[in-house]
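Structure, as structure tokens:
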Amino acid sequence: MSTPLEVEPGSSSAQPEAILEGVGKIEGRSLWQISWMRLKRDKVALAGGAFVLLLILVGIFAPLICKLVGVAPNDFHQDLVDPSLQTPIGRLGGISWDHPFGVEPVNGRDIFARIVYGARISLLIAFLATLLSVVIGVVMGIVAGYFGGWVDTLISRLMDIFLAFPLVLFALALVGAIPDKMFGLEGDALRVALIVFIIGFFSWPYIGRIIRGQTLSLREREFVDAARSLGARRPYILFTELLPNLIAPILVYATLLIPTNVLFEAGLSYLGVGVRPPTASWGDMLSGAANWYQVDPMYMIPPGLAIFVTVLAFNLFGDGLRDALDPRSR
């Protein structure tokens with residue numbers, strides 16, 4: 001049994017001002033501030049995000065970068081290619097100070113410049129396709145989850161149909177059947193728009209299912225019941241009450257969907273249905289390198305490494321963002 005503490009008379013009631021004196025102003029943190037604090041602790045995710053930001057800047061300022069280095073993506077350098085073997089002169093595919101990644105066989109185009117310009121195509125298609133699939137998937141998922149009933153059944157069956165669709169075969173058939181000019185677009189603009197539509201329009205069910213599941217949980221929450229009791233209309237509840245609470249899963253899934261679209265665009269270009277030559281594309285460079293890997297293996301390494309590092313960086317950043325926004329998912 002412990003001895004009771006001896007307390008002097010008058011000291012039992014402490015003044016709140018005395019307790020809080022010197023503490024200073026106490027400020028609360030929002031959920032986004034707390035998430036940012038968690039994300040800052042994840043050095044791997046920050047490294048992935050820094051590389052993603054660097055890659056975006058490289059794509060935006062590709063002409064300036066190539067101008068500073070003194071290379072161009074479509075300039076031929078026949079003097080750097082062996083006329084008999086059609087392979088680059090020198091070791092490691094012709095790597096030099098003037099050509100950091102070497103040159104291509106046959107024509108001698110600079111690989112560094114084509115990698116930099118290829119980043120523009122890959123990121124442009126990946127971001128636009130992700131935006132399209134996110135918009136469609138969020139709208140369809142939130143409508144299916146909130147309304148339920150026959151609306152949910154109809155949208156869910158539509159998702160199943162899209163998920164079972166042979167997307168690669170459809171892309172090969174559609175791109176091959178499209179004329180050179182359509183809807184006021186032609187050339188690379190038409191190809192990019194078509195690839196964005198194919199990838200984005202047929203990928204929305206993946207995020208649609210996630211948003212539908214989250215909406216099914218959120219529609220039973222108290223703030224939704226309060227909005228209904230105050231007479232709020234359904235569009236207001238959907239896009240003012242529910243949508244802000246879905247921002248976190250939307251951001252996380254979007255960051256994980258972008259690398260998938262980068263791989264899909266590279267696959268289409270590898271199969272010859274991406275942007276047309278001489279426009280630089282990582283997948284098209286890999287397709288060309290497949291014919292030269294035995295005599296010039298260095299030609300295959302830069303585009304393959306660019307795809308690998310880009311996808312890895314996006315995945316690392318997406319995983320870190322998911323853990324920061326929802327630590328219970330660890």
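Atoms considered below: every heavy atom in the structure, side chains included; atoms not considered: hydrogens, waters and symmetry mates. Residues: numbered from 1 along the sequence shown.
- Side-chain atoms of R109 do not come within 3.5 Å of backbone N or O of E104 as any donor-acceptor pair.
- Counting heavy-atom neighbours within 6.0 Å of F76 CZ, excluding the residue itself, gives a total above 12.
- Under the 4.5 Å side-chain criterion, counting only non-hydrogen atoms from C-beta, L55 is not in contact with V309.
- When hydrophobic clusters are built by joining Ile, Leu, Val, Met, Phe, Trp and Tyr residues whose side-chain heavy atoms come closer than 4.5 Å, directly or via intermediates, L242 is not grouped with L216.
- Between T310 and S122, every side-chain heavy-atom pair lies at or beyond the 4.5 Å cut-off.
- Side-chain N or O atoms of E241 include none that pairs as donor or acceptor with a backbone N or O of L238 at under 3.5 Å.
- Contacts classified as side-chain hydrogen bond (donor to acceptor under 3.5 Å, both in side chains) and involving residues 243-259 (residues at least two apart or in different chains) are not found.
- Taken together through direct or relayed side-chain contacts under 4.5 Å among Ile, Leu, Val, Met, Phe, Trp and Tyr, L131 and I199 form parts of separate hydrophobic clusters.
- In plain terms, the two heavy atoms of A254 and V134 that are nearest each other are CB-CG2, 4.2 Å.
- Residues I95 and G102 share a closest heavy-atom pair of CG1-N, 3.7 Å.
- To the nearest 0.5 angstrom, I155 atom CD1 is 12.0 Å from D160 atom CG.
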Please test L256 against N315 for side-chain contact (heavy atoms from CB on, under 4.5 Å), starting from the C-alpha separation and ending with a verdict.
CA-CA 6 Å; L256 297 176; N315 284 330; 4.0 Å; yes

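- By the criterion of side-chain heavy atoms lying less than 4.5 angstrom apart, applied directly or through intervening Ile, Leu, Val, Met, Phe, Trp or Tyr residues, W150 is grouped together with F147 in one hydrophobic cluster.
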Stepwise side-chain contact (heavy atoms from CB on, under 4.5 Å) check, L243 with V138
CA-CA 9 Å; L243 186 58; V138 168; 3.8 Å; yes

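- Counting heavy atoms from C-beta outward, N74 and R114 have side chains that approach closer than 4.5 Å.
- The environment of CZ in R228 is crowded: more than 12 heavy-atom neighbours from other residues, nucleotides or ligands sit within 6.0 Å.
- Once rounded to the nearest 0.5 Å, the distance linking CG of L263 with CZ of F308 reads 11.0 Å.
- Ring geometry for F202 versus F162: interplanar angle of 30 to 60°, hence tilted.
- Counting non-hydrogen atoms of neighbouring residues, nucleotides and ligands closer than 6.0 angstrom, the CZ atom of F165 exceeds 12 such neighbours.
- Side-chain atoms of L246 and L218, non-hydrogen and from C-beta on, do get closer than 4.5 Å to each other.
- More than 12 non-hydrogen atoms from other residues, nucleotides or ligands lie less than 6.0 angstrom from CZ of F223.
- When all heavy atoms are compared, the tightest approach of Y270 to A290 is OH-CB, 3.9 Å.
- No side-chain heavy atom of P302 sits less than 4.5 Å from a side-chain heavy atom of M285.
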For the pair I210 and I250, evaluate side-chain contact (heavy atoms from CB on, under 4.5 Å) and give the outcome as yes or no after the intermediate values.
CA-CA 9 Å; I210 295 176; I250 291 173; over 6 Å; no

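- Counting all heavy atoms, side chain and backbone alike, P100 lies closest to F112 at CD-CB, 4.2 Å.
- Between the side chain of R212 and the backbone N or O of G145 there is no donor-acceptor pair closer than 3.5 Å.
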Is there a side-chain contact (heavy atoms from CB on, under 4.5 Å) between I307 and L286? Walk through the geometry before answering.
CA-CA 10 Å; I307 296 174; L286 275 179; 3.7 Å; yes

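- When atom types are taken as modelled, the side chain of S203 and the backbone of G200 share no donor-acceptor pair closer than 3.5 angstrom.
- Both Y146 and L154 are assigned to one and the same hydrophobic cluster, defined by single-linkage of ILVMFWY side chains at heavy-atom distances under 4.5 Å.
- Checked by atom type and distance alone, the side chain of T153 pairs as donor or acceptor with a backbone atom of G149 at under 3.5 Å.
- Taken to the nearest 0.5 Å, the CZ atom of R191 stands 10.0 Å off from the CG atom of L268.
- The distance from the CD1 atom of I121 to the CD1 atom of I125 is 6.0 Å, given to the nearest 0.5 Å.
- Residues V295 and Q86 form no side-chain contact, since every pair of their non-hydrogen atoms from C-beta on lies 4.5 Å or further apart.
- Note that CG of D110 is 11.5 Å distant from OH of Y117, once rounded to the nearest 0.5 Å.
- Side-chain polar atoms of T87 and D296 form no donor-acceptor pair below 3.5 angstrom.
- The distance from atom CD1 of I142 to atom CD1 of I211, rounded to the nearest 0.5 Å, is 7.5 Å.
- Cluster annotation: L85 and V103 are assigned to distinct hydrophobic clusters (Ile/Leu/Val/Met/Phe/Trp/Tyr, side-chain heavy-atom contacts under 4.5 Å, transitive).
- Residues L158 and W204 meet the side-chain proximity criterion, which asks for heavy atoms closer than 4.5 Å.
- Remark: R276 pairs with D180 by the salt bridge (Lys or Arg N to Asp or Glu O under 4.0 Å) rule, at least two apart or across chains.
- Residues satisfying the salt bridge (Lys or Arg N to Asp or Glu O under 4.0 Å) criterion with D75, sequence neighbours excluded, are absent altogether.
- V71 has its side chain within reach of H99: a pair of non-hydrogen atoms, C-beta onward, lies under 4.5 Å apart.
- Residues A280 and V275 approach most closely at O-CG2, 4.5 Å, considering heavy atoms.
- The shortest non-hydrogen separation linking P244 to F239 is CD-O, 4.0 Å.
- Side chain to side chain, S269 and S281 meet the donor-acceptor criterion of an N or O pair below 3.5 Å.
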